[in-house]
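Comments concern the structure below.
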Amino acid sequence: MDIQKIRNDFPILSREVYGKPLVYFDNGATTQKPRCVVDAIVDEYYSVNANVHRGVHFLSQKATELHEASRERVREFINARSTNEIVFTRGTTESINLLAYSFGEAMMKPGDEVIISTMEHHSNIVPWQLLAERKGISIKIIPINDQGELLLDDYEKLFTAKTKLVSVVHVSNVLGTVNPINKIIAVAHQHGVPCLVDAAQSIPHMKVDVQEMDADFLVFSAHKVYGPTGVGVLYGKESWLDKLPPYQGGGEMIQHVSFEKTTFNELPFKFEAGTPDYIGTTGLAKALDYISNIGMDQIAAYEQDLTEYGLQRLKEIPGMRIFGEAPERGSVISFLVGNIHHFDMGTLLDRLGIAVRTGHHCAQPLMQRLGIEGTVRASFGIYNTKEEIDVLVNGIQRVSKMF
Ligand code: PMP
């Protein structure tokens, strides 16, 4: 991988913050955008823009072609069987809410159970809690060990005749743990239960193949994979999506409307009420092209090396505590140093031009399990370097000396 060439594709990386070169280590929250993604968005607004679907005029047809080509691009990227299985949403959060609503309506009754894990993001907890209030279902939690790995024996024991869905994160946004997703899904299937995978933190970093995993549902956000904000994906096996009712009503998702009876559109449009973010989907497709051209295996190997270096360098710092020591881990490192508050560390690193995230990372139940309030989190992307990790390590050492 030619990192300098990649860095040149991201104009923001050459800016300074407080007179210091920007070191952007907040990729877990959102990634920066390469020029080709922003250009594709600008080009479409300037030369193609028109509302998609049903337009007889030239521009509407062109915009529709681009939008549907983006759906095909996503299908190919995650190796879904058909574009009928690719639903565009606003992001991971909306995808999970959609599923919690539609699956909950059609498939769950009071007393039924959904299994999630201790390391879920709030977006894979709260929608199920809302469903629990609405429908009287209950939520069961897969525990973790101190290394930050799911306890698979305990997971198996959670299944009962009432278990209707498993919903787990592929890669933890706090611990970096890469969960053994194929095994988790296989166990769910042995119990006749479908599985939803939150792939928000895996899609940007590794090859994700929904057929190889045998995932029933999988969700992610464009903005974490070098694409624009406001767009995401819900993948669902057609056999499941066919059985589920619409999430929202409005234009686009209908076949015929009368005041007496409305019939719904076919897949995937049944789940896409209103004007879709057709410009955003173009940006997402461009971003997937961009990372595919670099190569997902190359990206995974590069980031793995970077993370190992980061872990090794950070551990040299006195008082360093790393949260998440699973052997299989992605490019997220959460830490605390001595008793320096994560917020103080983040604020002072910021003054040195280093962007990290601090706090509970939308995973408060995990923080409770770890017995802490929050961490500092450095998360790497395709444009980060070992030199930047050295800048972080020097920065942390400087801050430590102040306390
Ligand atoms: N799941 C995980 C694991 C995440 O890291 C995030 C974003 N931090 C989300 C879900 C939510 O994604 P979004 O805010 O894009 O909907």
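Whatever order the structure lists ligands and atoms in, that order sets their numbers, starting from 1.
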Notebook entry, point to check: T30 and H223: side-chain donor and acceptor closer than 3.5 Å?
Noted result: yes
Notebook entry, point to check: ring pair (Phe, Tyr, Trp, His ring centres under 6.0 Å) with H122: which residues, sequence neighbours excluded?
Noted result: H360
Next item on the list: Please work out which of the three classes, parallel, tilted or perpendicular, describes the rings of Y226 and Y383, given edges at 30° and 60°.
Entry: perpendicular
Next item on the list: Output the distance between atom CG (D198) and atom CD1 (I116), rounded to the nearest 0.5 Å.
Entry: 11.0 Å
Dump the pairs for me: ligand 1 N or O, protein N or O, distance under 3.5 Å, to 0.1 Å.
| from | atom 1 | to | atom 2 | distance (Å) |
| --- | --- | --- | --- | --- |
| ligand 1 | 1 (N) | D198 | OD1 | 3.4 |
| ligand 1 | 1 (N) | D198 | OD2 | 2.6 |
| ligand 1 | 5 (O) | Q201 | NE2 | 2.6 |
| ligand 1 | 8 (N) | H121 | NE2 | 3.3 |
| ligand 1 | 8 (N) | K224 | NZ | 2.8 |
| ligand 1 | 15 (O) | S221 | OG | 2.7 |
| ligand 1 | 15 (O) | H223 | NE2 | 2.7 |
| ligand 1 | 16 (O) | T93 | N | 2.9 |
| ligand 1 | 16 (O) | T93 | OG1 | 2.5 |

Check: Any ring pair (Phe, Tyr, Trp, His ring centres under 6.0 Å) pairs touching residues 272-305, not counting sequence neighbours?
Finding: F10-Y290
Check: Tell me the ring pair (Phe, Tyr, Trp, His ring centres under 6.0 Å) pairs involving residues 140-198, sequence neighbours left out?
Finding: Y155-F159, F159-H191
